[in-house]
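Values reported hereafter were calculated over all heavy atoms of this structure, with side chains retained and with hydrogens, waters and symmetry mates removed.
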Amino acid sequence: MSTKDAITNKLREAFAPESLDVTDESHLHEGHAGHRPDGETHFRVYIVSPAFEGKSRIERHRMINATLAGELAGSVHALAISAQAPGEAGS
């Protein structure tokens, strides 16, 4: 299973999102710290879930980071997060 698939599956299981997009942006970081030739080091996550209602941006990021702790301690060097509750999307 790819790292992208693992991230997607864990976020779906943990947050039952209304919307989820996980993008591997490793190719944009060639020559930067943490980049590997085989990629799967830098990701961007857009997620909309009721689990984030009433939570601050920092709380949302902490929830996601805790869910992906194994990946962040291993192969993932960087994770950009946009986490919103329903009704906040696009704002």
Check: So which pairs with a foot in residues 73-85 pass salt bridge (Lys or Arg N to Asp or Glu O under 4.0 Å), sequence neighbours left out?
Finding: none
Notebook entry, point to check: Can you list every pair that meets salt bridge (Lys or Arg N to Asp or Glu O under 4.0 Å) and has a residue in residues 72-85, with sequence neighbours left out?
Noted result: none
If you round to the nearest 0.5 Å, how far is [atom2] of [Y] from [atom1] of [X]?
X	Y	atom1	atom2	result
Ile7	Ser75	CD1	OG	7.0 Å
Met1	Thr8	CE	OG1	9.5 Å
Thr67	Ile47	OG1	CD1	8.5 Å
Arg60	Glu53	CZ	CD	8.5 Å

Note to self: Grouping I, L, V, M, F, W and Y whenever their side-chain heavy atoms are under 4.5 Å apart, do Tyr46 and Ile64 come out in a common cluster?
What the structure shows: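 The answer is no; the residues belong to distinct hydrophobic clusters.
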Check: Any idea which heavy atoms bring Phe52 and Ala83 closest together, and the distance?
Finding: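 Distance-wise, the nearest heavy atoms are CE1-CB, 3.9 Å.
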Note to self: Treating Ser26 as the side-chain partner and Thr41 as the backbone partner, does any N or O pair qualify as donor plus acceptor under 3.5 Å?
What the structure shows: yes
Going by atom type alone, with no hydrogens or angles, which donor-acceptor pairs under 3.5 Å involve a side-chain atom of residues 11-20 and a protein atom two or more places apart or on another chain?
none

What pairs with [X] under side-chain hydrogen bond (donor to acceptor under 3.5 Å, both in side chains), at least two apart in sequence or on another chain?
X	value
Lys10	Glu71
Asn65	none
Glu59	Ser56

Notebook entry, point to check: Under the salt bridge (Lys or Arg N to Asp or Glu O under 4.0 Å) test, which residues partner Arg44, sequence neighbours left out?
Noted result: Glu25
Checklist line | Qualifying residues under ring pair (Phe, Tyr, Trp, His ring centres under 6.0 Å), relative to Phe43, sequence neighbours excluded | finding: none
